[in-house]
Every structure is written in structure tokens, then in C-alpha cells.
Amino acid sequence: MNYNSFRRKTRKIRVGNLFVGGNSPLTVQSMTNVPSEDFSALYGQIESLEKCGCDIVRMTVPNIASVETLRRIKESGFSVPVVADIHFDYRLAIASAKAGADKIRINPGNIGGDERVKAVVDACGNAGIPIRIGVNGGSLEKEILAKYGSPTAQALADSAMYHISLLEKFGFHDIIVSVKSSDVRTMIQSYRLLSGMCDYPLHLGVTEAGTGRTGLVKSFVGIGSLLEEGIGDTLRISLTGAPEREVEEGRRLVDALSLGAGSSVNIISCPTCGRTKADLIGIVNKVEEHIGEMHPSGKVTVAIMGCAVNGPGEAREADVGVACGDGNALLFRKGVAVGKIGEDDVVRVIIEEVNRL
Ligand code: SF4
């Protein structure tokens with residue numbers, strides 16, 4: 001389904017060579033986790049992230065040495081936009097904007113006073129780059145926490161609006177916002193509230209989500225629920241683990257909701273049951289391993305089913321489908337049954353059929 005048909009209307013903001021918001025495609029982000037002062041480590045990680053389909057890379061900029069690395073990274077000619085993540089020190093935000101950052105992530109309320117906010121706004125305005133306001137349940141303003149007692153959804157949304165107002169005061173509107181919480185339901189509600197309060201693009205994420213096991217469930221439920229409501233313009237699956245995994249899982253989520261540009265392989269396979277006679281689990285694993293997740297001709301659906309009861313129905317809907325039986329399988333090509341093949345040939349035939357598409 002085309003996401004724009006039910007997507008909430010947001011402003012279109014340029015980030016490097018792409019756009020976030022408006023009718024732009026959903027983008028998947030990640031963040032480097034090597035020391036930002038280490039140019040070769042950072043270069044290698046950004047290269048690896050770009051290769052696995054990361055649309056926007058963020059790096060932390062905790063000191064002036066990292067600003068220099070950022071400058072060198074930008075001079076290296078990466079096409080993926082690079083975001084400088086700044087905490088508290090407005091001078092690092094200004095230096096990063098001048099060093100070529102494609103976006104600055106900072107909370108203007110945390111940098112102390114109008115003059116500093118204006119200095120950052122001027123630097124970003126001169127560089128033609130946006131600012132992401134990244135509100136986080138763990139670092140809310142004291143006054144807002146005192147008002148709500150805890151980091152509630154309303155508290156997060158109010159904090160975001162407060163930071164937005166500081167930028168708007170100086171005529172700055174190239175803004176992207178996130179209101180992350182480690183509590184999934186709070187996160188969902190805060191984005192819902194915020195999407196009714198402003199039209200800036202929203203960067204979705206569950207913060208401190210955890211490792212692959214729990215983190216994925218939290219992120220898929222939180223981000224997936226919002227996308228399904230048309231809320232969200234860019235996303236990051238935060239995991240305690242390799243940043244490349246965050247990108248792969250982000251792409252999987254977008255594809256699972258059929259909201260991506262559509263160049264992936266979608267494998268549909270039945271859960272197996274007492275009727276299954278073939279080694280379906282082995283077949284699916286081998287097919288997945290061989291054909292990978294992307295396909296040059298666009299979105300391809302492969303159905304691998306375990307019997308003649310539900311099998312043919314699903315197999316017929318796919319680009320390539322098999323309904324396995326006892327020692328053999330019925331092969332479908334674009335909905336048409338084209339004949340029986342032996343069970344031992346199923347993996348090879350599916351790979352050949354997919355490669356022919
Ligand atoms: Fe069982 Fe057939 Fe359904 Fe697979 S498709 S779970 S084998 S009934």
C-alpha cells in the first residue's frame with residue numbers, strides 16, 4: 001500500500017541529498033558506536049552502514065576532535081547524510097554545522113539561553129541544515145517532570161513543543177522531532193499527541209529498547225503501530241548491538257508493512273503442522289539463505305507451503321509458489337500451476353524461478 005495514501009501530512013525537510021517528511025519515502029537510520037575521534041573506525045562503520053541500506057547515519061560529537069572527524073568524513077564523499085548528535089555544548093553544534101553536518105540533533109532548551117539558541121539557529125540556517133529535537137523520557141526538563149510527576153506521554157509531547165517554540169522564536173522551521181521513551185505505550189501515545197500538535201516530520205524510535213530479543217518486539221510494536229496510523233517519517237530501531245542490525249531490522253519492519261520502496265523478497269511460509277510431509281523448515285531456511293532479502297526487479301513474493309490444503313491458495317498469489325506434498329511439490333508461477341517437481345529439487349527450482357524474474 002502507498003504510505004502517502006493514509007500518511008499524516010508533514011512538512012518536507014531536506015537532510016543532505018534526501019528529504020524527510022511530506023511525501024518522501026520513509027527513511028531508516030542508525031547511529032555509529034565507534035569512538036567519533038577515530039576516523040578510520042568511523043569511516044569503516046559508515047561505509048558498512050551505507051552498504052546495508054542505511055539512509056541517514058548519526059554520530060555523536062562530544063568534543064572538538066570529533067568535529068574534525070566529521071569534517072573528514074564529509075570530505076570523503078559519502079552520499080549518506082551524516083547527523084551530528086550534540087548534548088549541551090552549543091559551540092559543538094555550531095562547529096558541526098560549519099564542518100558539513102547534514103543535520104544537528106540537539107535540544108535547544110538544554111544549551112542555555114536565547115543567545116546560544118540563536119547562534120545555533122543562525123549556524124544551521126547559514127549551512128541550510130535542519131535540527132532534530134530529540135526529546136527523551138530519561139532527560140526531561142525539571143519543570144515538566146515536576147508538573148507531570150513522571151515522563152508521561154503528555155510530558156514528552158509538551159517538552160517537544162517547548163523546544164520547538166525556542167527555535168520558532170528565531171524563525172527556524174527546518175525541524176524534525178522525536179519523543180522517545182523506553183516504555184512502548186508511552187512512546188506510542190506521545191507521538192500520537194505530538195502529531196496532533198505540530199506538522200513537523202517525526203523521527204520514530206523506542207529508546208533503550210534492549211537487545212535483539214526484547215528490543216525488536218518493543219520497536220516493532222511501537223514504531224509499527226504508529227506507521228500503521230500514518231504517523232512517522234523516519235525511524236531508528238535502537239538495539240544494544242551492531243548498528244547494521246538496526247538498519248536490517250528497520251528495513252524488515254518497513255517491508256513487513258509494505259511501506260517501502262519495494263525491492264525486497266517477501267517469503268511467505270506456513271508454520272507447518274501434522275499434515276506437513278516435506279522438510280519445509282529446511283527448504284525455507286535454504287531458500288532464505290540463497291536468495292537474500294533484496295531483488296533487483298522490485299518486490300518479489302515467494303510462497304513455500306506445506307500441503308495441498310492451504311498451500312495452493314497462498315502459492316497461487318505469489319510470484320513463485322510451491323505447495324509441498326509427500327516427496328514432491330506443485331509449482332506455481334505468477335498464479336499458474338506449471339507442474340510437479342521432486343522435493344529434492346524444490347530449493348533449486350525456487351532460486352532459478354526468482355532469479356528469472
Ligand atoms: Fe499445515 Fe498445510 Fe497449513 Fe502448512 S499449509 S500449516 S502443512 S495445513
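Both counts, for ligands and for their atoms, begin at 1 and track the order of listing.
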For residues 17-24, which side-chain N or O atoms pair as donor and acceptor with protein atoms under 3.5 Å away, sequence neighbours left out?
residue: Asn17; atom: ND2; partner: Ser79; partner atom: O; Å: 3.0
residue: Asn23; atom: OD1; partner: Lys12; partner atom: NZ; Å: 3.4
residue: Ser24; atom: OG; partner: Gly21; partner atom: O; Å: 2.4

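Closer than 2.8 Å to atom 1 (Fe) of ligand 1 sit the protein N, O or S atoms Cys273 SG.
Classification of the Phe39-Tyr43 ring pair by plane angle, with boundaries at 30° and 60°, yields tilted.
Residues Ile283 and Ile291 are members of one and the same hydrophobic cluster, defined by side-chain heavy-atom contacts under 4.5 angstrom among Ile, Leu, Val, Met, Phe, Trp and Tyr.
No more than 12 heavy atoms of other residues, nucleotides or ligands shown are found within 6.0 angstrom of CZ on Arg14.
A side-chain donor from one of Asn33 and Gln45 sits under 3.5 Å from a side-chain acceptor of the other.
Annotation: side chain of Asn107 is not in contact with side chain of Phe88 (no heavy-atom distance under 4.5 Å).
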